[in-house]
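For reference, the structure is listed below as structure tokens.
As the structure is a computational prediction, the values presented were derived from the model and not from experiment.
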Amino acid sequence: MASKKKRRPSKTVRAARGASVVGKKGVPWLTILSVAGIVALAGTVGGYYFVKTAGKREQAAREEAAAAFVPSASNPDPSNKIDGVFKGDYAGRAHLRPPERVKYDRSPPVGGPHDGTWATCTGTVYPNAVRTENMVHSLEHGAVWIAYNPQLLSGDALEKLKSRVQSKPFSMMSPYPGLDKPISLQSWGHQLKVDSVDDQRIDQFIVALRQNPNGVYPEVGATCDSVAPEQLPPFDPTPPGSDAKPMDYKGSEGAAQDQTPPGQPPVTPRPGG
């Protein structure tokens, strides 16, 4: 008996069966959810980074806006064009011993006799007030010191002020109890007091005077590295007593002395005056 040949389904039937199989396959929810999770995570990380770096971007914009105040040979002290800047002449290198004090002529001071050890000014944000005589020595090295009244400045405004200092060489910042303005900026022989952290003169002052190479501070080439903050004498909020040294004091016997900066004559200890 002859065998019967199996008839192959027609193309129409095969296509229908294929469509049926495809129709039975489930939606790849696991893959979709995984991709959605990755996209959401990337968005969260990107958003966090954007918010976290907003302060740095804002500070970069402020510095760019103040670029016209970069010192040059033809414009050695651009702070002369900043409204409200005090400028005075102060002799340097008159060193004291701790805990001797100085009867400074300004508050915060901008120059004059100071402790033989300078405060670290390597982008340093001090959480507490620092002894004035140590801070003044850092100004002698070319640093800019931002002081603020902790009762008048806090929160976002304080963070915005910190961005001017953090990771910035020859910069330091500290609270200064009793300050007559919210913010005061000091470099050697220069001072600017402002009411708002958004005042554009803050960045102009910093650009003009921080490590200015044109001889506006006594010890060009000196370092800002120093001892740990806890090794400095404590800040004294009381007025200097009758034994405080005058502004024309010539230095104390045995006070610490700097290493001679490059290109400067040797520094020798001077007897007390």
### Task
Taking atom types as modelled, find out whether Ser72 and Ser74 have a side-chain donor-acceptor pair closer than 3.5 angstrom.
yes
### Query
Between Trp118 (side chain) and Asp225 (backbone), is there a donor-acceptor pair under 3.5 Å?
yes
### Task
Please test Arg131 against Asp236 for salt bridge (Lys or Arg N to Asp or Glu O under 4.0 Å), starting from the C-alpha separation and ending with a verdict.
CA-CA 7 Å; Arg131 180 168 172 258; Asp236 189 345; over 6 Å; no
### Message
Would you say that Asp199 contacts Phe205 through its side chain, given a criterion of any heavy-atom pair below 4.5 Å between the two side chains?
### Response
no
### Message
With a sphere of 6.0 Å drawn around CG of Asp156, does it hold more than 12 non-hydrogen atoms of other residues, nucleotides or ligands?
### Response
no
### Query
Looking at side-chain heavy atoms only, is the closest gap between Thr117 and Gln231 below 4.5 Å?
no
### Task
Kindly say whether Glu219 contributes a backbone atom to a donor-acceptor pair with the side chain of Trp188 at under 3.5 angstrom?
no
### Task
Using modelled atom types only, decide if a donor and an acceptor are shared between the side chain of Asp203 and the backbone of Glu63 within a distance under 3.5 Å.
no
### Heavy atoms of other groups near Asp83 CG, more than 12 under 6.0 Å
no
### Task
Return yes if some donor-acceptor pair links the side-chain N/O of Ser138 with the main-chain N/O of Ala119 below 3.5 Å, else return no.
yes
### Message
Can you confirm whether Pro233 sits close enough to Pro98 that some side-chain heavy atom of one is under 4.5 Å from a side-chain heavy atom of the other?
### Response
yes
### Query
Should Leu152 and Tyr176 be regarded as members of a common hydrophobic cluster, given that ILVMFWY residues are connected when their side-chain heavy atoms come within less than 4.5 Å of each other, either directly or indirectly?
no
### Query
Does the His141 side chain pair with the main chain of Cys224, one donor and one acceptor, at a distance under 3.5 Å?
no
### Message
Under a 3.5 Å distance rule, please check whether Tyr104 uses its side chain to pair with a backbone N or O of Pro113 as donor and acceptor.
### Response
yes
### Query
About how many Å separate OG of Ser79 and CD of Gln191, when rounded to the nearest 0.5 Å?
12.5 Å
### Message
Given 3.5 Å as the limit, does a donor-acceptor pair link the side chain of Ser196 with the main chain of Asp198, or not?
### Response
yes
### Query
Just by distance, do the side chain of Glu133 and the backbone of Val102 share a donor-acceptor pair under 3.5 Å?
yes
### Pair Glu100, Ser252: side-chain N/O donor-acceptor within cut-off below 3.5 Å
yes
### Task
Provide the closest heavy-atom pair for Leu179 versus Pro108 in the form atom of the first, atom of the second, distance.
CD1-CD, 3.4 Å
### Message
With a 4.5 Å cut-off on side-chain heavy atoms, are Arg62 and Ser163 touching?
### Response
yes
### Message
Within the 4.5 Å heavy-atom criterion, are Asn80 and Lys87 side-chain neighbours or not?
### Response
yes
### Message
Would you say Ser171 and Arg164 are linked by a side-chain donor-acceptor pair, where the criterion is simply a distance under 3.5 Å?
### Response
no
### Query
From Lys168 NZ over to Thr124 OG1, what is the distance, rounded to the nearest 0.5 angstrom?
14.0 Å
### Query
For the atom pair CG (Asn212) and OH (Tyr217), what is the distance rounded to the nearest 0.5 Å?
7.5 Å
### Query
Asn214 and Pro71: which non-hydrogen atoms are nearest, and at how many Å?
ND2-CB, 3.6 Å
### Query
Ignoring hydrogens and geometry, is there a side-chain-to-backbone donor-acceptor pair from Gln204 to Phe69 under 3.5 Å?
no
### Message
For the backbone of Pro218 and the side chain of Glu140, can you confirm whether one donor and one acceptor N or O come within less than 3.5 Å of each other?
### Response
no
### Query
Any idea which heavy atoms bring Asp115 and His137 closest together, and the distance?
O-ND1, 2.7 Å
